[in-house]
There are 2 protein chains.
Amino acid sequence: MPYTYEYPRPALTVDCVVFGLDDQNALKVLLIQRRIPPFQDQWALPGGFVRMDESLEDAARRELQEETGVKGVFLEQLYTFGDLGRDPRDRVVSVAYYGLVNLTEYPIQAATDARDAAWFPVASPPYLAFDHPQILATALTRLQGKVRYQPIGFELLPAKFTLTQMQKLYETILGQTLDKRNFRKKVLKMGLLTPLAEVQMGVAHRAAKLYQFDLAKYQQLKEKGFNFEL
Amino acid sequence: MPYTYEYPRPALTVDCVVFGLDDQNALKVLLIQRRIPPFQDQWALPGGFVRMDESLEDAARRELQEETGVKGVFLEQLYTFGDLGRDPRDRVVSVAYYGLVNLTEYPIQAATDARDAAWFPVASPPYLAFDHPQILATALTRLQGKVRYQPIGFELLPAKFTLTQMQKLYETILGQTLDKRNFRKKVLKMGLLTPLAEVQMGVAHRAAKLYQFDLAKYQQLKEKGFNFEL
DNA sequence: GCTTAAAGTGTAAAATACACACTAAGAGAG
DNA sequence: CTCTCTTAGTGTGTATTTTACACTTTAAGC
């Protein structure tokens with residue numbers, strides 16, 4: 001059943017750059033292995049064609065779930081890539097989204113429709129198809145920019161986490177070490193963390209207190225234009 | 001000459017939100033009056049369909065020039081709007097760009113291919129077609145965010161300008177008044193302004209010194225990741 | 001030369017950012 | 001059971017940055 005238009009149209013796709021943090025605090029990105037040409041067997045960002053009855057974000061979520069099993073994550077539009085020649089077959093414009101997940105909840109390569117999906121270190125990704133290296137680089141830059149003035153990263157952490165875990169996350173994303181006392185002062189002063197009556201378990205040293213993110217308070221402060229700069 | 005595809009494709013357009021500052025320091029946006037349905041005779045953002053042989057940014061620049069005569073301006077991708085029903089005829093996905101121009105150089109309604117083009121106060125725009133109110137609002141928010149940490153706004157000012165003009169611009173965009181002495185200290189400390197041996201002319205009071213923006217220095221500092229926060 | 005209008009300029013107080021090192025707690029080994 | 005190992009947790013003084021604030025200067029128009 002062919003579809004005919006008076007003028008030619010670029011194909012429209014979405015691609016997802018999903019970041020996760022593994023148990024060694026390494027930042028990872030979720031990739032799939034392409035089953036079909038072009039770039040057959042190469043690794044690429046999960047993504048695919050936008051259908052006529054879904055919004056762009058819906059398309060991104062659907063493709064992400066179909067190809068990797070990951071769903072229900074934080075996703076935000078990143079940038080739209082539309083240069084000529086980014087797909088060798090056809091003119092393809094791709095709306096890229098980036099997302100953050102807590103890797104402990106989305107562990108190994110999930111797979112449904114998926115050929116093969118796996119987490120790769122952001123610092124040393126495999127060769128990527130299309131202009132996906134550029135998309136990944138753009139997403140990383142955006143993540144670094146965002147983390148400075150938005151309490152992102154709660155998406156990347158488990159529901160209950162220690163301040164040290166959080167600090168490590170920030171150090172990983174920003175690529176620099178931070179002072180422990182100053183970091184703790186700042187994040188606690190924001191007032192978005194609820195201390196729990198629980199502590200870490202199974203560690204061979206003093207157990208750290210666990211915290212959780214106060215989503216309600218966050219949204220309340222966000223309404224008021226509060227600045228979450230770290 | 002029809003074009004046929006195996007699967008249906010959304011139409012792809014670009015829209016431009018071009019801001020300018022008029023001589024009373026009011027922030028304006030460049031709009032066109034639609035000549036054809038839908039939304040015939042209503043005001044809308046300049047924009048149109050992306051061709052197969054041009055990048056997204058090229059398309060934005062081309063449409064902007066065709067419809068308003070404005071060219072050679074600073075343009076940056078804003079966001080891609082792809083919700084269902086944003087165009088009553090067809091599924092249309094639009095990549096929005098925002099731009100800044102010095103209104104004194106692009107004065108009245110330029111027009112080439114244009115039906116009618118004019119500058120409207122951002123504070124009180126006319127009824128806009130499609131989801132263009134939302135696009136305009138997004139662009140304004142982005143502009144406000146950007147102005148805080150990027151020496152934008154040189155795009156909006158004449159080549160030679162006074163510090164008071166620049167301050168008024170910032171006050172207009174941010175919607176708040178700023179302290180004269182502190183503002184001057186900060187912008188001069190950045191070192192991006194070259195003082196000229198010239199002063200304002202034709203004013204009925206003490207003439208202000210003119211400055212120009214040092215583009216070379218700006219790019220040099222930007223390379224180094226310098227922070228231009230005001 | 002008097003009026004008017006905006007240009008231009010410095011300092012003190014307050015707030016914020018930064019640097020920095022020791023004690024506390026708990027697990028595991030012996 | 002005590003010693004060791006490892007990470008948790010905590011406060012202060014100093015430097016820097018940000019803020020608030022008002023008068024003198026200059027030039028044009030009358």
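Chain A is the first sequence line, chain B the second, and so forth, proteins listed ahead of strands; every chain is numbered from 1.
When the side chain to side chain contact (heavy atoms under 4.5 Å, CB included) test is applied to K180(A), the partners found at least two apart in sequence or on another chain are Q167(A), R184(A). In this view, Q77(B) and Y79(A), T80(A), L56(B), T80(B), V95(B), Y97(B) satisfy the side chain to side chain contact (heavy atoms under 4.5 Å, CB included) rule, not counting sequence neighbours. For E155(A), the side chain to side chain contact (heavy atoms under 4.5 Å, CB included) partners are F74(A), L100(A), not counting sequence neighbours. Q176(B) pairs by the side chain to side chain contact (heavy atoms under 4.5 Å, CB included) definition with L174(B), L178(B), not counting sequence neighbours.
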What side-chain donor-acceptor pairs closer than 3.5 Å can you find for residues 203-211 of chain A, not counting sequence neighbours?
none

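Atom pair K168(B):NZ and dA5(C):C1' shows a separation of 11 Å (rounding to whole Å applied).
For DNA chain D, the outermost nucleotides in 5' to 3' order that have an atom under 4.0 Å from a heavy atom of chain A are dT6(D) to dT12(D).
At a threshold of 4.0 angstrom between heavy atoms, the contacts of T164(B) are confined to the sugar-phosphate backbone, with no base atom among them.
Judged by distance alone, the side chain of Q134(B) and the main-chain N or O of D131(B) form no donor-acceptor pair under 3.5 Å.
Sorted by first and then second residue, the salt bridge (charged side-chain N to carboxylate O under 4.0 Å, His left out) pairs with a member in residues 220-230 of chain B form an empty list; sequence neighbours excluded. Within the structure, every pair that satisfies the ring-ring contact (aromatic ring centres under 6.0 Å, His included) test and touches residues 176-195 of chain B, not counting sequence neighbours, is listed here: Y170(B)-F183(B).
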For nucleotides 17-27 of chain C, give me one character per nucleotide, 5' to 3': B if any protein heavy atom sits under 4.0 Å from the base, S if the only such contacts are to the sugar-phosphate, - if neither.
-BBBB--BBBS

